Structure formats: C-alpha cells, structure tokens
Amino acid sequence: MRPVRFVALGDSLTEGVGDPLGDPVRDPADAAKWRGWAALLADGLAAGPVEFTNLAVSGAQTRDVLERQTQDALRLEPDVVSVVIGVNDTLRCTFDIHAVAERLDKVYAAFTAQHAVLLTACLPDPGSMLRLPGALARPLARRQRAVNAVVHALSERYGAVHLHASEEEWLTDRAMWSSDRLHPGERGHRQLAVSFHDLLVKAGVATGAAPSPEPEFPAPTRSASLLWLATAGTAWVMRRCTDLLPQLLTLAADEMRHRARGTSARLDLRASAAVSTALAALSTVDQVDAA
C-alpha cells in the first residue's frame with residue numbers, strides 16, 4: 001500500500017521556527033534545526049507509513065508559495081497538503097489584498113484539482129504578538145484581518161480543513177510562544193499539530209495517533225532567549241524594518257490623523273471593501289472560465 005503523502009507549504013511558521021529539532025539546552029547547535037507543527041502532525045496522519053515533505057521557507061509570501069512551492073508540491077502528488085501563509089505579506093510595503101486573494105485562489109484550486117486534502121489556517125496579527133504601540137499595531141491587525149477573511153472565504157469555497165488559529169485561547173498563553181513572540185515554541189507547535197489532527201479525525205482523514213501536547217524538551221532559559229533576541233532576533237527585525245518601517249510609519253501617521261478626527265472607522269470600512277472587491281473579482285474570473 002502506498003504511504004500517505006503529506007506536503008507542507010508556507011513560511012517560517014510551517015518551517016518550524018521556534019521548535020528546535022533537538023534539545024537546545026544540551027546541544028545549542030540544534031537550536032538552528034527546526035521540526036515544527038507539520039512534522040509533528042505527519043506522524044499522526046496514518047497508522048501506516050507517511051511520506052512528509054516540508055517545502056516551507058522562512059520569509060515566504062503568497063507569491064513564493066504560488067511561484068515556487070506549489071509546482072514542487074504538485075509533482076509529489078500529495079494526499080494531504082497544508083498551505084499556511086500570509087503574515088509576511090502583511091509585513092511588506094507591497095501588501096495588496098487583491099494579489100493575495102488571487103494567488104491563494106490559484107494555489108488552492110491547483111491542489112483540490114489533484115484531489116488532495118487541503119489544510120489552511122487563519123493567523124494572529126504580528127502587531128499584537130509583538131506588542132507594538134497601537135498606532136503601529138492597528139494597521140498590521142487590519143491587514144491580517146483582511147488576509148484571514150480571504151483565507152476563510154477561499155477555504156470554504158474549496159472545502160479545506162480550516163483551523164481558526166487566530167481565535168484560540170493559546171494566543172494569550174506565554175508558554176506557547178518562543179522568545180521572539182512571533183513564532184510558537186515547542187508547546188505552541190504541538191498545540192497547532194493537535195488542533196489540526198482533531199479536525200482531520202473529524203473529517204475522516206487522520207487515522208494515526210494524535211500528537212502529544214506535552215513538550216519533549218525543556219523550554220529555553222531566559223538567558224538563552226535574550227541571547228537569541230540580541231543576535232538572530234535583532235537581525236530578523238532589521239531585515240523586516242528595512243522594507244516595512246517607512247510604510248508602517250506612514251500607516252501609523254494616517255492612523256493617528258483618523259483617530260484625531262474620529263474617523264478611524266473609515267479605515268476599517270476601506271479594508272473590508274477591499275476584501276469584498278478582491279473576492280468578487282475572483283468570482284467574476286470563475287464565471288468567465290466556466291463560460
């Protein structure tokens with residue numbers, strides 16, 4: 001019997017950042033080798049053999065998933081495929097919800113055409129996770145809500161197994177998160193794996209044992225976390241700020257102007273209208289293709 005093939009697409013979350021492959025306390029070299037929720041989930045997809053391939057790459061956006069990862073994944077003919085992406089799009093000056101919707105629509109359509117079980121998730125906004133000041137956090141939250149709305153709508157359209165990861169209690173549990181506050185730690189990755197497994201069992205897809213929610217390794221010490229933030233964490237922030245910071249400051253200034261005028265609701269309405277327009281455009285394309 002052919003093994004169940006599971007392919008994971010996405011960014012650093014699916015790559016496994018925050019969940020070291022080994023014990024980072026005993027072997028610091030393992031701190032740069034990631035396991036992650038998708039690898040944990042793979043073990044529980046079937047009682048028999050599972051072939052797992054992780055194509056996720058740190059920093060990936062929806063464009064990368066469409067133009068690079070999807071073609072590689074299609075060649076593997078997966079039975080189950082996860083597409084968890086979108087946060088990095090919100091952190092770029094090139095953010096365009098219409099482009100995000102169009103790319104995700106093409107990716108989801110490609111895998112459902114191959115009859116793969118599609119896994120998707122909506123995600124928390126990075127501004128709140130990083131505890132940014134309100135004027136900086138609100139524009140990012142608005143963008144992430146827009147991405148989540150698109151993912152919700154398209155997941156329903158394509159019959160995906162969808163995890164509401166932006167709404168669970170685990171978001172407020174500090175023990176679930178790594179030192180960078182953007183990526184889950186081992187406990188958080190395990191929570192994602194357990195949640196996806198529960199959904200797949202209900203859908204009649206997963207037949208293997210559920211992943212354990214309990215960490216295998218001790219959490220990094222405070223000093224180790226501070227060291228990470230001072231080295232790799234600082235480098236990460238600098239890379240993102242070079243691209244995002246100028247526009248984020250512009251967005252924050254616009255936010256404060258609207259707040260001073262009492263017209264902040266217009267920004268939310270504008271974002272909602274953009275999502276509606278993006279989804280409506282996809283429906284129009286589908287009608288044309290069908291004709």
Side-chain angles (χ1 to χ4, degrees), residues 1-11 13-16 19 34-56 60 62 65-66 69-87 103-124 147-170 176 184 186-214 216:
M1 189 171 108
R2 182 171 78 83
V4 172
R5 293 175 182 167
F6 174 32
V7 180
L9 286 68
D11 55 25
L13 173 64
T14 301
E15 184 185 26
D19 178 28
W34 308 117
R35 175 179 50 185
W37 68 266
L40 293 165
L41 173 63
D43 292 336
L45 286 181
V50 176
E51 290 182 358
F52 173 58
T53 304
N54 195 340
L55 299 176
T62 52
V65 168
L66 174 63
Q69 298 178 24
T70 294
Q71 294 308 311
D72 291 338
L74 289 171
R75 283 192 286 270
L76 295 171
E77 299 182 353
D79 301 294
V80 180
V81 60
S82 64
V83 181
V84 180
I85 194 72
V87 170
R103 293 167 191 154
L104 290 179
D105 184 57
K106 290 178 179 177
V107 171
Y108 293 0
F111 289 115
T112 53
Q114 266 196 355
H115 306 292
V117 175
L118 176 65
L119 309 185
T120 63
C122 56
L123 300 169
V147 172
N148 286 343
V150 165
V151 172
H152 275 292
L154 294 181
S155 296
E156 183 174 353
R157 174 183 296 187
Y158 289 101
V161 175
H162 180 69
L163 178 63
H164 298 275
S166 65
E167 303 170 4
E168 297 188 355
E169 294 181 1
W170 73 293
M176 294 287 181
E186 182 189 352
R187 188 181 293 275
H189 276 281
R190 287 185 174 277
Q191 180 61 49
L192 287 172
V194 168
S195 298
F196 265 124
H197 189 270
D198 288 345
L199 292 175
L200 288 168
V201 168
K202 292 176 183 176
V205 176
T207 58
S212 171
E214 296 303 318
E216 181 181 0

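Since this is a predicted model, take the numbers as computed values, not measurements.
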Checklist entry - Taking only residues two or more places apart in sequence or in another chain, which ones pass side chain to side chain donor-acceptor pair (under 3.5 Å) with R35? => result D19, E186, E216
Item to check | Residue list, side chain to side chain contact (heavy atoms under 4.5 Å, CB included) with A42, at least two apart or on another chain | outcome: F6, V50, F52
Checklist outcome for this item: Interatomic distance, SG@C122 vs CG@L163, rounded to 0.5 Å, equals 7.0 Å
Item to check | Evaluation steps, side chain to side chain contact (heavy atoms under 4.5 Å, CB included), between T207 and V4 | outcome: CA-CA 11 Å; T207 58; V4 172; over 6 Å; no
Checklist outcome for this item: Looking only at heavy atoms, the pair that brings P184 and L13 closest together is CD-CD1, 3.5 Å
Item to check | Shortest non-hydrogen separation from H197 to G44 and the atoms involved | outcome: NE2-O, 3.0 Å
Checklist entry - Hey, does R187 have a side-chain heavy atom less than 4.5 Å from the side chain of E214? => result yes
Item to check | side chain to side chain contact (heavy atoms under 4.5 Å, CB included) evaluation trace for T62 with V147 | outcome: CA-CA 11 Å; T62 52; V147 172; over 6 Å; no
Checklist outcome for this item: Between W37 and H189 the two heavy atoms that sit nearest each other are N-ND1, 3.1 Å
Next on the checklist: Can you give me the closest heavy-atom contact between G86 and D11, atom names plus distance?
Outcome noted: N-OD2, 4.4 Å
Checklist entry - Are any non-hydrogen side-chain atoms of V83 and V65 less than 4.5 angstrom apart? => result yes
Item to check | Passing candidate, side chain to side chain contact (heavy atoms under 4.5 Å, CB included) with T14, options I85, L9, V84 | outcome: V84
Checklist entry - What do you reckon, is CD of E51 surrounded by more than 12 foreign heavy atoms closer than 6.0 Å? => result yes
Next on the checklist: Is any side-chain heavy atom of L123 closer than 4.5 Å to one of V151?
Outcome noted: no
Item to check | Full working for side chain to side chain contact (heavy atoms under 4.5 Å, CB included) between D105 and R157 | outcome: CA-CA 9 Å; D105 184 57; R157 174 183 296 187; 3.5 Å; yes
Item to check | All pairs passing side-chain hydrogen bond (donor to acceptor under 3.5 Å, both in side chains) where residues 112-122 contributes a residue, at least two apart | outcome: T120-S155, T120-H162
Checklist entry - What residues, two or more places apart in sequence or in another chain, satisfy side chain to side chain donor-acceptor pair (under 3.5 Å) together with D198? => result none
Item to check | Counterpart residues, side chain to side chain donor-acceptor pair (under 3.5 Å), relative to N148 (two or more places apart) | outcome: Q144
Next on the checklist: With salt bridge (Lys or Arg N to Asp or Glu O under 4.0 Å) as the rule and sequence neighbours excluded, what pairs involving residues 38-47 come up?
Outcome noted: none
Checklist entry - Can you tell me how far the CG atom of L192 sits from the CE atom of M176, to the nearest 0.5 Å? => result 9.0 Å
Next on the checklist: Could you tell me if the side chain of L200 sits less than 4.5 Å from the side chain of V117, heavy atoms only?
Outcome noted: yes
Checklist entry - Which atoms form the tightest heavy-atom contact between A110 and T70, and what is the distance? => result CB-CG2, 4.4 Å
Checklist entry - So, does R190 use its side chain to make a donor-acceptor pair with the main chain of P211 at under 3.5 Å? => result no
Checklist entry - Where do F196 and V161 come nearest, in terms of heavy atoms and distance? => result CE2-O, 4.1 Å
Checklist entry - From D72 CG over to L55 CG, what is the distance, rounded to the nearest 0.5 angstrom? => result 6.0 Å
